[in-house]
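Okay, structure first, notes after.
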Number of protein chains: 2
Amino acid sequence: MAKQESIGIQAVDRAFDIVEALTELDGAGVSELARHVDLPKSTAHNHLRTLEQTEYVVHEDGEYRAGLKFLRISETARKQHELYQVARSEVDHLAEKTGEISALMTEEHGRGVFVYRSRGSEAARIDTCVGDRVPIHCTALGKAILAFLPADRRNEIVERHGLTAVNHNTITDRDVLSEELEDIRERKIAYDDEERLNGLRSVAAPILDGSNSVIGSISVAGPTHRMQGNRFETELPETVLGIANVIELNIQHA
Amino acid sequence: MAKQESIGIQAVDRAFDIVEALTELDGAGVSELARHVDLPKSTAHNHLRTLEQTEYVVHEDGEYRAGLKFLRISETARKQHELYQVARSEVDHLAEKTGEISALMTEEHGRGVFVYRSRGSEAARIDTCVGDRVPIHCTALGKAILAFLPADRRNEIVERHGLTAVNHNTITDRDVLSEELEDIRERKIAYDDEERLNGLRSVAAPILDGSNSVIGSISVAGPTHRMQGNRFETELPETVLGIANVIELNIQHA
DNA sequence: TATAAATGTTCAGTATCGAGGGACGGTATA
DNA sequence: TATACCGTCCCTCGATACTGAACATTTATA
């Protein structure tokens, strides 16, 4: 099959492809899966058997599903993450205080990853959730991180992923982005004005560790009609900044 | 190397061993990891490179860590799980109502898996968390499931995993277990009297789907001194049963 | 009910590809 | 300065993962 130009252990690549396919298909039989990943049935079957043995895949009612053993990995990985340790409870605070959605993001492989999320009483129904990986340039959270990364790292990321438009408001021009990142560095606050999701605005602040490198960012997000005027421009930014400071203090004393 | 007697795709098995090792070690370098999984450095390195390429592993500061991409798999797997869909919010209710810890369990590969957990205002500090996999016979949650599984399935599980003692109170005798399961079927309520963790008691109820098969169980757990007398024997069981009923109604109308 | 189609599972041969040893350069330790 | 350790790369060989076809089993169709 069309060589993916990817050098790496083939069997391992395929195993993960299969697991991902299983989640996409919401469970599947051997044949359906084999078709989806474009492999002979027997190969697919062989992988499924292996994965089932390791308990990462579950075989029930003639269907294979991704198992909950992945929860163990992801939960421990998350708990070991400094950002989650120090910021998690503050995200809850922020959500409660503002009534909106608050979220935590970190960067991995040049993309933004939602690490944690908390919903306030008025929180918008939103389809973003923990574990989602998004282009880093199209959210307040992502831009807050990007702004404070070392310049070479930042360029490398933009180089590798480009500035694809996710929305009509997404920043797609490098110069525009550079300028905005400059502002963000100054203010320590990033905005997202419907750059990823229509009708959604957000405010985010970076979180720096002891040696002043970004380990992630925190945000409040809500429907545009509620995110306006003084609240959007002053009130929320101040609240977010305050919380970010508290978190940074947590880091010092950890 | 000592053959694990496991037939399956070796490379895949090893890849997961490595990921697990990474979480156990809380990140590690190539050599440390290689020692831990008893493989040549080069082999370990080869795997790490592959895993990093798939983004399931992160390479930072000369250390390899399990990446947060696992969150994507586990979160979608969880969301696709019927139990989580119908019961999640009720767990929050239960926790809030009782002030204690409430949890959700399902069965996979003969073990009990914590799918969700919510803490009430008085909730005990507890070291059990989402994703944990425990022997199914040593918790109220597990016994509630076990009691309502088809007999052959139940036997198969007990056969395969045995009744190992996790604690001085753990049930280790099959006849004792059978009797208790009989009671549970009658009451639709299972108890855990410090059978897994010292000082912790809990009350659980099974959750049955449309065709009357167990898809999981729900519980309240708290410190023994608070879980006593009428509250433990009547009040909480009734509350739990009530919530379980609500959940089962949710299933009908889904 | 018989037939057909589709699915899951097993098997064995073969080319492939992962395993592992060793070497090289870099970095910390003594 | 010397030594030890680490991470990365390379290459060769033999185990092994892939394949394709055949068998079994269930579901759909006539």
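Order of the sequence lines sets the chain letters (A, B, ...), proteins ahead of strands, with each chain counted from 1. We use all heavy atoms of the structure for the numbers below, so side chains are in, but hydrogens, waters and symmetry mates are not.
Judged by atom type and distance alone, B:K41 reaches the base of D:dG7 through a side-chain donor-acceptor pair under 3.5 Å.
The side chain of B:Q10 lies closest to D:dA17 when the candidates are D:dC9, D:dT19, D:dA17. The A:R35 side chain lies nearest to C:dT7 when the options are C:dT9, D:dC18, C:dT7. Distance from the side chain of B:S31 is smallest for D:dG7 among the nucleotides C:dT9, C:dT10, D:dG7. Of the candidate nucleotides D:dT19, D:dT8, C:dA19, D:dT19 has the atom nearest to the side chain of A:P40.
Using a 4.0 Å cut-off between a side-chain N of Lys or Arg and a carboxylate O of Asp or Glu, B:R154 and B:E159 do not qualify as a salt bridge.
In this entry the distance linking CD of A:E32 with P of C:dT7 reads 9 Å, nearest Å. Counting to the nearest Å, the P atom of D:dC6 and the NE2 atom of B:H59 are 15 Å from each other. Rounded to whole Å, the distance from CD on B:E63 to P on D:dG7 is 9 Å. Counting to the nearest Å, the P atom of C:dG8 and the CD atom of A:E52 are 14 Å from each other. Distance A:N46 CG to C:dG8 C1': 14 Å, rounded to the nearest Å. Spacing between atom CG of B:D13 and atom P of C:dG18 amounts to 15 Å, rounded to whole angstrom units. What separates CG of B:L33 from C1' of C:dG20 is a distance of 16 Å, to the nearest Å. Straight-line distance from the CG atom of A:D61 to the P atom of D:dT26: 15 Å, rounded to whole Å.
Residue A:T43 is in base contact, counting any heavy-atom pair closer than 4.0 Å across all strands shown. Looking at heavy-atom distances under 4.0 Å, A:S42 makes contact with a base.
For the pair A:A11 and A:G62, both in contact range of DNA chain C, the more 5′-proximal nearest nucleotide belongs to A:G62.
Considering only side-chain N and O atoms, A:R14 lies under 4.0 angstrom from the phosphate OP1 or OP2 of D:dC18. Of the side-chain N and O atoms in A:H45, none sit less than 4.0 angstrom from OP1 or OP2 of C:dG8. Within the 4.0 Å cut-off from OP1 or OP2 of C:dT7, not a single side-chain nitrogen or oxygen of A:Y64 is found.
Taking the six-membered ring wherever Trp is involved, the centroid distance between the rings of A:F16 and A:Y56 does not fall below 6.0 Å.
The closest donor-acceptor contact from the side chain of A:T170 to the backbone of A:E195 lies under 3.5 Å.
In this structure, a donor-acceptor pair under 3.5 Å is present between the side chains of A:D209 and A:S213. Checked by atom type, the side-chain pair B:R65/B:T23 shows no donor-acceptor distance below 3.5 Å.
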